[in-house]
Trainee: 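The structure that follows is given in the form of structure tokens.
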Amino acid sequence: MLDLGFVRSNLTLVEEKLRQRGADPDEVLRDFHAIDQRRRGLVQKLEAANQQRNEWSKKIGALKGEERKGALSADQQAELQDMTAAVGQLKAEIPALEEQRNSADAEMQAVLTTIPNLPHESVPVGASEHDNVEVKRWGTPPEFDFEPKSHWDLGEQLGVLDLNRAAKITGARFALYWELGAKLERALMNFMLDLHTGEHGYTEVLPPYMVNSDSMYGTGQLPKFEQDLFKVPQGTRDLWLIPTAEVPVTNIYRDETLDATQLPISLTAFTPCWRSEAGSYGKDVRGIIRQHQFQKVELVKFTRPEESYEQHEKLTRDAEEVLEKLGLHYRRMLLCTSDMGFSAAKTYDLEVWLPGQKLFREISSCSNFESFQARRANIRYRPEGKKGTELLHTLNGSGLAIGRTWVAIVENYQQADGSVVIPEVLRKYVGADRIVARKM
């Protein structure tokens, strides 16, 4: 969320950044100026009323003291009666003013919560994903002397991916893995966590898989993206299945103030994730690219503002190293203004090559949110040598999306005989060097 004072003082800039994001400033900001003026007027009116009541109350107290001594003149007696009546009237008016002020606060908050983060100056201005900029490419696509197959055909033929039974159990966009297919998913989880904790300096956490509405608000999923979430009403509470570990891990420090000496904090977590994929019907309906439930290893950082872009590069490199150790051809894309997520100030997407589909597919999205999430979640730090506290910066990225990594391995390491070679770094986790068709 953006600071109200910043928006007020930089309204022209905010409008321009919204247009760069492909948003209509009039639709997003609504009657910002009118709402702000009304709210400020009510705040001033309420402050003046409270101040007047306090001043009169003190005078009334003094006059009553004189009255008890029998030293109150007729004029003072009249003044006491007038002020007592006036204070009584103010006491009746103040609750109504407070209600109006609270209503104006809520109206302003509703506007602020729908304003996306402003793109960093290094983000290219663009209207769609076609304006994203490739900044790096690693490796080369594998060469085949046969026509490579897609993962859904290979998975079915090998007997390790069963989408039909998953649909019977739950519905469309769920997956059932068998034997080495299931082991490969688990191997990827362990490999990624071991790499990030053992070599990249992350601390592993295991957060809850359901969160409350405050947590969803803190990272920017609520209120704007409620339709993309799975809601789990429980008595008088509303709980939500997490769409990504970013939500519970970032909210670990919600409403807390950290010491500067603790920063940066780097956390990693494996969790299942759930997304309704609202608005994506008809897209990626085959295979396991776009599922309602999937597994992911997440990377989350809390940093000083002046270090956040350096840490953003490091986090992205940490995710890239997973792909490099697996020998998977990928590219790094700098997202343009219109293709970034709601909360992000700058985002790199890592896209892995899928030979069975003959395209690059996103496998990780690494974002710097600057203070946008920290303001919503009230996560602050105490700078060394300074008084007071400041908002820190939050970052996160997939390190990696496990299901899509599974897809990439199956498609890139397929063999002419229909088997799939297991990358060497995963063999100790899988307990095999190749996936062959299992006996049904």
Side-chain angles (χ1 to χ4, degrees), residues 150-152 154-155 158 160-163 166 170 173-200 202 204-207 209 241-249 267-275 277 284 287-300 315-316 318-330 349-354 356-357 360-366 396-413 420 422-423 425-432 435:
S150 61
H151 69 278
W152 54 82
L154 284 165
L158 291 167
V160 296
L161 180 64
D162 194 334
L163 299 178
T170 309
R173 296 193 174 184
F174 288 88
L176 169 65
Y177 299 90
W178 288 92
E179 291 189 355
L180 289 182
K183 279 192 174 182
L184 178 58
E185 184 96 356
R186 176 159 53 93
L188 285 166
M189 172 193 71
N190 286 325
F191 163 66
M192 292 176 191
L193 289 174
D194 285 351
L195 177 64
H196 295 314
T197 57
E199 298 184 24
H200 297 159
Y202 291 80
E204 183 177 351
V205 295
L206 183 61
Y209 299 160
L241 295 175
I242 61 171
T244 166
E246 166 198 348
V247 178
V249 177
L267 304 179
T268 185
F270 162 82
T271 67
C273 309
W274 293 268
R275 294 181 188 172
E277 295 294 345
D284 304 317
I288 57 172
I289 290 295
R290 197 178 295 273
Q291 296 283 280
H292 289 312
Q293 177 186 317
F294 55 96
Q295 283 65 247
K296 195 148 67 88
V297 169
E298 196 75 7
L299 308 175
V300 176
L315 182 147
T316 305
D318 293 338
E320 287 176 339
E321 193 171 347
V322 178
L323 291 165
E324 291 171 13
K325 285 184 177 293
L326 293 172
L328 295 171
H329 175 48
Y330 72 88
D349 270 5
L350 304 183
E351 298 180 348
V352 68
W353 175 250
L354 300 181
Q357 300 168 60
F360 282 101
R361 180 72 73 174
E362 179 212 329
I363 199 167
S364 175
S365 192
C366 302
N396 86 271
S398 303
L400 304 164
I402 292 177
R404 293 191 178 192
T405 310
W406 190 99
V407 168
I409 288 171
V410 169
E411 292 199 9
N412 279 275
Y413 283 93
V420 173
I422 302 295
V425 293
L426 294 178
R427 291 175 187 174
K428 66 178 180 180
Y429 296 102
V430 178
I435 300 175

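In what follows, every heavy atom counts, from backbone to side chain, and hydrogens, waters and symmetry copies are set aside.
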Trainee: Nearest 0.5 Å, please: how far is CG in Leu326 from OH in Tyr413?
Mentor: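 Output value for this atom pair is 6.5 Å.
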Trainee: Please tabulate, for side-chain N and O atoms in residues 176-188, each donor-acceptor pair with protein atoms closer than 3.5 Å (sequence neighbours left out).
Mentor:
from   : atom 1 : to     : atom 2 : distance (Å)
Trp178 : NE1    : Asp162 : OD2    : 3.4
Glu185 : OE2    : Gln295 : NE2    : 3.0

Trainee: Residues two or more places apart in sequence or in another chain: which of them pass side-chain contact (heavy atoms from CB on, under 4.5 Å) with Ser398?
Mentor: Lys296, Glu298, Ser364
Trainee: For Glu204, what residues pass the salt bridge (Lys or Arg N to Asp or Glu O under 4.0 Å) criterion, not counting sequence neighbours?
Mentor: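 Salt bridge (Lys or Arg N to Asp or Glu O under 4.0 Å) check on Glu204 returns nothing, list empty.
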Trainee: Could you tell me which non-hydrogen atom of Ala245 sits nearest to which non-hydrogen atom of Cys273, and how far apart they are?
Mentor: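 Here Ala245 and Cys273 meet closest at N-SG, 4.3 Å.
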Trainee: To the nearest 0.5 angstrom, please state how far the OH atom of Tyr330 sits from the CD atom of Glu324.
Mentor: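 So the OH of Tyr330 and the CD of Glu324 are separated by 3.5 Å.
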Trainee: To the nearest 0.5 Å, what is the distance between CG (Leu426) and CE (Met192)?
Mentor: 8.0 Å
Trainee: By side-chain contact (heavy atoms from CB on, under 4.5 Å), which residues pair with Lys325, not counting sequence neighbours?
Mentor: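 Lys325 satisfies side-chain contact (heavy atoms from CB on, under 4.5 Å) with Phe191, Leu195, Glu199, Glu321 only.
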Trainee: By salt bridge (Lys or Arg N to Asp or Glu O under 4.0 Å), which residues pair with Asp318, not counting sequence neighbours?
Mentor: Lys314
Trainee: Going from CG on Leu154 to CG on Leu161, what distance comes out if it is rounded to the nearest 0.5 angstrom?
Mentor: 10.0 Å
Trainee: Work out which heavy atom in Ala269 is nearest to a heavy atom in Val205; give both atom names and the distance.
Mentor: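 Scanning both residues completely, I find the closest heavy atoms to be CB-O, 3.3 Å.
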Trainee: Using side chain to side chain donor-acceptor pair (under 3.5 Å) as the criterion, list what pairs up with Thr405, not counting sequence neighbours.
Mentor: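 Thr405: no side chain to side chain donor-acceptor pair (under 3.5 Å) contacts found.
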Trainee: Kindly write out the residues that satisfy side chain to side chain donor-acceptor pair (under 3.5 Å) with Ser150, not counting sequence neighbours, or none if the list is empty.
Mentor: Trp152, Asp153
Trainee: For a quick test of reading the model, state the closest non-hydrogen atom pair linking Glu277 to Arg173 and the distance between them.
Mentor: CB-NH1, 3.6 Å
Trainee: Please identify each residue that fulfils salt bridge (Lys or Arg N to Asp or Glu O under 4.0 Å) with Arg361, with sequence neighbours left out.
Mentor: Asp284
Trainee: So Met189 and Tyr429, do their side chains get closer than 4.5 Å, heavy atoms only?
Mentor: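 With C-beta onward as the side chain, the pair stays apart.
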Trainee: Taking ring-ring contact (aromatic ring centres under 6.0 Å, His included) as the test, write out the residues that go with His196, two or more places apart.
Mentor: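 Result, ring-ring contact (aromatic ring centres under 6.0 Å, His included) vs His196: His200, Tyr202.
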Trainee: With a 4.5 Å cut-off on side-chain heavy atoms, are Leu163 and Ile288 touching?
Mentor: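 Yes, at least one pair of side-chain atoms sits under 4.5 Å.
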Trainee: Can you name the residues that form a side-chain contact (heavy atoms from CB on, under 4.5 Å) with Trp274, not counting sequence neighbours?
Mentor: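 Here the qualifying residues are Tyr209, Phe230, Leu241, Ile242, Pro272, Gln293.
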Trainee: The test is side chain to side chain contact (heavy atoms under 4.5 Å, CB included); show your working for Gln357 and Val407 and say whether it passes.
Mentor: CA-CA 11 Å; Gln357 300 168 60; Val407 168; 4.2 Å; yes
Trainee: Tell me the closest heavy-atom pair linking Ile363 and Leu400, and the distance in Å.
Mentor: O-CB, 4.1 Å
Trainee: Supply the atom-to-atom distance Leu193 CG to Phe270 CZ, rounded to the nearest 0.5 angstrom.
Mentor: 8.0 Å
Trainee: Any side-chain heavy atom of Glu362 sitting closer than 4.5 Å to one from Arg404?
Mentor: yes
Trainee: Roughly how far, to the nearest 0.5 Å, is the OG1 atom of Thr268 from the CG atom of Leu315?
Mentor: 9.5 Å
Trainee: Side chains of Ile289 and His151, heavy atoms from C-beta outward: is any pair under 4.5 Å?
Mentor: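 Yes, side chains in contact.
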Trainee: Test of understanding: with salt bridge (Lys or Arg N to Asp or Glu O under 4.0 Å), list the residues that count as partners of Glu351, not counting sequence neighbours.
Mentor: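 Arg331.
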Trainee: Among residues at least two apart in sequence or on other chains, which ones pass side-chain contact (heavy atoms from CB on, under 4.5 Å) with Val160?
Mentor: Leu158, Trp406, Ile435
Trainee: Between Val352 and Leu350, is there a side-chain heavy-atom distance shorter than 4.5 Å?
Mentor: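 Answer no - side chains too far apart.
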Trainee: What's the verdict on side chain to side chain contact (heavy atoms under 4.5 Å, CB included) for Phe360 and His329, showing C-alpha distance, side-chain angles and the deciding distance?
Mentor: CA-CA 9 Å; Phe360 282 101; His329 175 48; 3.4 Å; yes
